[in-house]
Amino acid sequence: MSANSESDYEFSFEQKICKSRDIKNLINTWLIVGMLDSHRRQHTCLAIHSKGLLFMRSCYREFSLFNPAINQTKNLPCPPTYDMWTDEVCGFGFDLSTLDYKVVHGHFCGDELRFSVYSLKTGSWRVIGSLYPYKRRTHGMEGRVVNGGVHWLVRSVSSSMVIISFVLAEEDVREIPMPPGFNVVEGEEDYYLSVFEGCLCVGKKDALVFWVMKEYGVAKSWTRISITVPFSEGLLSGFVKKSRHLLLLEDQMQPQLAMYNFTKKSFHNLSIRGVREPCSAGFYLESLVSPNNY
């Protein structure tokens, strides 16, 4: 990938400990996620971070919480809503109302979506009684956490595309309005939901524009943002330094980390030694929270 007049950066494991605290935390995250993908390429299919813990979902019905800072893992029982034959969604976040870490799992059965929630405080799953009228997801199973809710892009019973939020404090589902000018092509599923500067954003894969909801829940606040290169499934890491956003871009069908400046429309590549094909990104803050003693 060619960069717009900005040189490439490369970090090795030895180099990262000499960098600033922000970069150190950033590289710790990438090494963890990259190594998980490298060593468990046939095993780990999902890793979500929240306040010092990682939630991991394997391809073999294995669910766990992991704190890489203290190297502690807690294996979770299989969700009661899990069904290997149906589509599913997963999310992980921190409920400020109860100061509790929660894993959210949902599965689609016919034209209905049912959820269960795992509480780290109680150490158990609870099935949500309500059923919701959605029949499949249109993006990855990973939920995006904004404003105390876990969000997914799904299809309703009428096949229209909608954003839903599972509110952690209420343990109930709300719908979020789509951008008024967002064009959804019938039969296409290459749309994504992500987070940009703490706000929900939605777009179409390989498109050079996406939409950002500047004020949560307010349809009129959706704002159109342009970009000069397509990024992989709308993956924005949440890390920003000197007006540059860490993105996962597409370079000849290969994923590439890059620091992108939305004002200047320029970027530089960011490589990490030992991580050849980064599959995900996130801004991880170290903590001493133990998943086994919370």
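Note that the structure is a prediction, hence the values are computed from the model and not measured. Heavy atoms only: backbone and side chains are in, while hydrogens, waters and symmetry mates are out.
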Co-membership, hydrophobic cluster, residues [X] and [Y], 4.5 Å side-chain:
X	Y	result
V157	M161	no
I176	V195	yes
Y101	V145	no
V173	V146	no
V167	Y216	no

**Asked** Taking the six-membered ring for Trp, is the centroid-to-centroid distance between F262 and F196 below 6.0 Å?
**Response** yes

**Item:** Between F115 and W152, ring centroids under 6.0 Å
**Value:** yes

How close do [X] and [Y] get, counting heavy atoms only, and between which atoms?
X	Y	result
G106	L113	C-CD1, 3.9 Å
W222	C201	CZ3-CA, 4.2 Å
Y118	P77	CE1-CD, 4.1 Å
V212	C199	CG1-CB, 3.7 Å
R137	E88	NE-O, 2.8 Å
N75	S64	OD1-CB, 3.7 Å

Note, [X] side chain near [Y] side chain (heavy atom, < 4.5 Å):
X	Y	answer
K51	V289	no
I163	M178	yes
K74	L120	yes
V154	V162	yes
L53	F92	yes
S194	F210	no
F166	V117	yes
Y132	I164	no

**Request:** Check the pair I128 / T81 against side-chain contact (heavy atoms from CB on, under 4.5 Å), numbers first and verdict last.
**Result:** CA-CA 10 Å; I128 304 302; T81 46; over 6 Å; no

As an exercise, state the distance from [atom1] of [X] to [atom2] of [Y], rounded to the nearest 0.5 Å.
X	Y	atom1	atom2	answer
Q72	F66	CD	CZ	10.0 Å
M259	N269	CE	CG	12.0 Å
N292	L65	CG	CG	9.0 Å
I227	Y260	CD1	OH	4.5 Å
R57	L76	CZ	CG	12.0 Å
E197	K214	CD	NZ	5.5 Å

Counting N and O atoms only, with roles assigned by atom type, does the side chain of [X] sit under 3.5 Å from a partner on the main chain of [Y], one being a donor and the other an acceptor?
X	Y	result
N67	S287	yes
Y82	H105	no
S226	R224	no

**Pairwise salt bridge (Lys or Arg N to Asp or Glu O under 4.0 Å) hits with a residue in residues 89-107, at least two apart** = D95-K102, K102-E171

**Message:** Regarding D87 and R136, does a basic nitrogen lie under 4.0 Å from an acidic carboxylate oxygen?
**Reply:** no

Between [Y] and [X], is there a side-chain donor-acceptor contact under 3.5 Å, judged purely by atom types and distance?
X	Y	result
H107	T86	yes
E175	Y134	yes
S159	K135	yes

**Message:** Is it the case that over 12 heavy atoms from other parts of the model lie below 6.0 angstrom from the CG atom of L99?
**Reply:** yes

**Complete:** Residue set satisfying salt bridge (charged side-chain N to carboxylate O under 4.0 Å, His left out) with R114, at least two apart, ordered chain then number -> none

